[in-house]
Protein chains: 2
Amino acid sequence: MTDTWLPRNPSFHSIGQDEPQAVDGKGVGSGMVTIKDIAKLAGVSYSTVSKALNNDPLIKPATRQKVLEIAEKYQYRKNIMAQQLSSGKSNIIGFVLDELSNPLFSNISKNLHRELKSRGYQMILVIAGDGVDIFSQLRVDGCIFWEYMLDDREAFWKLVSSMPMPCFVLGADENPNSPYIKIDRKEGIFKAVEHLKAHGHERIGFIGNSQNIKIEGYKEALQRTGLEFCQGSVLPAYSSWEDGYFAVRNYTFTSSSPTAFIGLNNLVTRGALRAFIEAGFQVPQDISLIGYDDLPDMQYAEVALTTIGPPLGELAVQAAELIVALIRGEDAKYPVVIQPQLYLRNSVAICKERI
Amino acid sequence: MTDTWLPRNPSFHSIGQDEPQAVDGKGVGSGMVTIKDIAKLAGVSYSTVSKALNNDPLIKPATRQKVLEIAEKYQYRKNIMAQQLSSGKSNIIGFVLDELSNPLFSNISKNLHRELKSRGYQMILVIAGDGVDIFSQLRVDGCIFWEYMLDDREAFWKLVSSMPMPCFVLGADENPNSPYIKIDRKEGIFKAVEHLKAHGHERIGFIGNSQNIKIEGYKEALQRTGLEFCQGSVLPAYSSWEDGYFAVRNYTFTSSSPTAFIGLNNLVTRGALRAFIEAGFQVPQDISLIGYDDLPDMQYAEVALTTIGPPLGELAVQAAELIVALIRGEDAKYPVVIQPQLYLRNSVAICKERI
DNA sequence: AACAAAATTTACAACGTTGTAAATTTAGAA
DNA sequence: TTCTAAATTTACAACGTTGTAAATTTTGTT
């Protein structure tokens, strides 16, 4: 009936038994080696090749070996597109970031990649603003969102739940209708305040005013520990190193100033630390300081910083496990709540006034 | 012969004419609407749907309209995997970043995304260290590398040229065997030096010591303009705001100090500017300063900074055009060389000593 | 009303995999 | 040697698209 049929790509599959065509390396869909090519070269059927490459125990070791060698030799690369289409699995997870300018994201992204990899998944990124629709179109197996669009929570959660694959949000916000991993920042701040109080500090300040949840946590923590919130004990700092630095520099210290501070994030805290030192304060003898975000940098600051923050390795493990469970349809326990930890180093001491 | 055949996913295609199954939204490969589903609902063949969705002019407008409406209603999302497999095109371009902690990357990434989008492509990211192999396996149509691994150029270029699809590198390095876009940083620095010299500056310093090519450019520029390289006129700064800030703070000014400086990048320059101001220098009356990287931030600094740097919009346009040309097999002209521009603002003035 | 030409729609192989069932080969026991 | 069971390999539909050729419908002439 269709004897006049012409194949769409007649030059395909031209790898011969003895004189295989060089993989030209450019132009997807033309020069790439497929399992059918390998099958021909190995003298087996292509389903055997498929199984061999997937380590199917049905395949005789010697056969697998031969197939693997040929695949290696001709630089075979599995076509994830075809794999997804056939099996419904791409083994790819998408990670949606909101910005690129805090080293925290570098760290989280690296940790997450490692954990996913060890569970058999690969990871690709998009910047939130650039549109996450591509993850739907690509049929990634799952999708992790770093919280963003905090100005319009509703639209954000709607977007998340409209994704056609398992998804969850990593952040501080909660939503009963979607899975999420909540970093309990308020509780983290509370731990920091408690720790400072345990060291005799009664006037505790906060450096940074851009993340409402942390500020709220700070105020609540003061209440819970029975400490007083003093006017002017929140030093304004947005998010960068210099914000922290100048927040402290521009602050006028008096005898009723806080004796300890908590910094909004890694950058702000390090900037503040530097400013304290320059102002002639000894940290922690004169002023105690706890930083948020336990990045490796924090311990290499001028004074090894005591920090609070989610355990970043653990966070990645939890995230990887949650997404994998959601994908597999196992009954994942969520929401997962990550409790920030206190990492004790050398920037907190007994309050001078108590000595 | 295979009358005992059982479909692998018997629940599939269960959308009926009048009672379409709810798109459950979770689990790729099970609940997603396909062109076949739409075809059934619209009462046309699935090739018609395919053509309608791709705006094929063969399709009668009324038919297209109906198909589009149904697609919209059932939240159809094209399956890029299937599209790639069938047509050999994914319309996706991969961008390989080396790190996430400089706002420059945010900017470049956004610009690039916009330009690619306007040319019909989508963009996904990976961090270089996480392995770019996924782009091969995903059969992205093309791949853009931000220069990295500068410690092992050879391995880097080998990796790039081993990619099975059109690729190029964006950066300052060159390689005769691969396409690349070269940002001519040396020439950029030269323009800055020239500009300063034209304003009467004869002792010009450089803040930053981490990017050899820029340091080299600085030294060469001095030679070319007949200026002297003075010992100690390179203030050590790695890459961050505080690096720039302290580079200046730690520098001891003498009567033979430079009267103008060039900053390594956006962060270093802004840190340095702040330090100059604090040290009591008026910029540009006492000291002129030119920053590298023309990010929007630069004009909102304490003094609107004159900068040099690749025109970032243009860079993205060139990059998008090059990769698209490479993909289409058009004879793209490369290497492309981007000449950094001088963006005149208020941080350069006539040298005091000449007045 | 009959026909040709144009417009529109349809059928279906192909893309590169996977997973199932069936076919073939090998090994072991009698 | 023959038979059976186990081990191994093979055949091929299916996944959701695209692109070509063929089929069908519509339109315009006469």
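Basis for what follows: all heavy atoms, side chains included, without hydrogens, waters or symmetry-related copies. Order of the sequence lines fixes the chain letters, A, B, ..., with proteins taken first and strands second; residue numbering starts at 1 for each chain. Bear in mind that the values here come from a model prediction, so they are computed numbers and not experimental data.
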Side-chain atoms of B:Leu85 come closest, of C:dT17, C:dC15, C:dT18, to C:dC15

For a quick test of reading the model: is some side-chain N or O of B:Ser87 closer than 4.0 Å to OP1 or OP2 of D:dT17? no

From CG of A:Asn79 across to P of D:dT17 the rounded distance in Å is 16 Å

Tell me if the aromatic rings of B:Phe156 and B:Tyr148 count as close, with their centers under 6.0 Å from one another. yes

**OP:** State whether A:Ser50 places a side-chain N or O below 4.0 Å from either non-bridging phosphate oxygen (OP1 or OP2) of C:dT18.
**Re:** yes

From CG of B:Asn55 across to C1' of D:dT18 the rounded distance in Å is 15 Å

Please write out the pairs of protein N or O atoms and N or O atoms of nucleotides 7-9 of chain C separated by less than 3.5 Å, giving the distance to one decimal.
residue: C:dT9; atom: OP1; partner: B:Thr63; partner atom: OG1; Å: 2.5
residue: C:dT9; atom: OP2; partner: B:Lys60; partner atom: N; Å: 3.0

Comparing A:Ser47 with B:Asp56, nearest DNA chain D nucleotide closer to 5' gives the residue A:Ser47

Exercise for review: Please determine if a side-chain N or O atom of B:Asn54 lies less than 4.0 Å away from the OP1 or OP2 oxygen of D:dT18.
Suggested key: yes

Applying ring pair (Phe, Tyr, Trp, His ring centres under 6.0 Å) to B:Phe105 and not counting sequence neighbours gives B:Trp146

Donor-acceptor pair present, A:Ser86 side chain and C:dT18 base, under 3.5 Å
yes

Whole-Å distance, A:Lys78 NZ to C:dT18 P, equals 8 Å

Tell me, yes or no, whether the heavy-atom count around A:Glu330 atom CD, taken from other residues, nucleotides or ligands under 6.0 Å, exceeds 12.
yes

Between NZ of B:Lys89 and C1' of C:dA14 the distance, given in whole Å, is 16 Å

Separation of C:dC15 atom C1' from A:Met32 atom CE, nearest Å, is 14 Å

For B:Tyr334, the ring pair (Phe, Tyr, Trp, His ring centres under 6.0 Å) test, sequence neighbours excluded, returns none

Separation of D:dG19 atom C1' from B:Ile35 atom CD1, nearest Å, is 12 Å

In whole angstroms, the gap separating C1' of C:dG16 from CD1 of B:Ile80 amounts to 17 Å

Report task. Give a yes or no on whether a salt bridge exists between A:Lys182 and A:Asp173, defined as a side-chain N under 4.0 angstrom from a carboxylate O. Result -> no

Taken to the nearest whole Å, OH/B:Tyr46 to P/C:dA11 is 9 Å

Original post:
What's the verdict on salt bridge (Lys or Arg N to Asp or Glu O under 4.0 Å) for B:Lys117 and A:Asp130, showing C-alpha distance, side-chain angles and the deciding distance?
Top reply: CA-CA 9 Å; B:Lys117 193 173 177 189; A:Asp130 291 351; over 6 Å; no

B:Glu115/B:Arg119 salt bridge by N-O under 4.0 Å criterion: yes

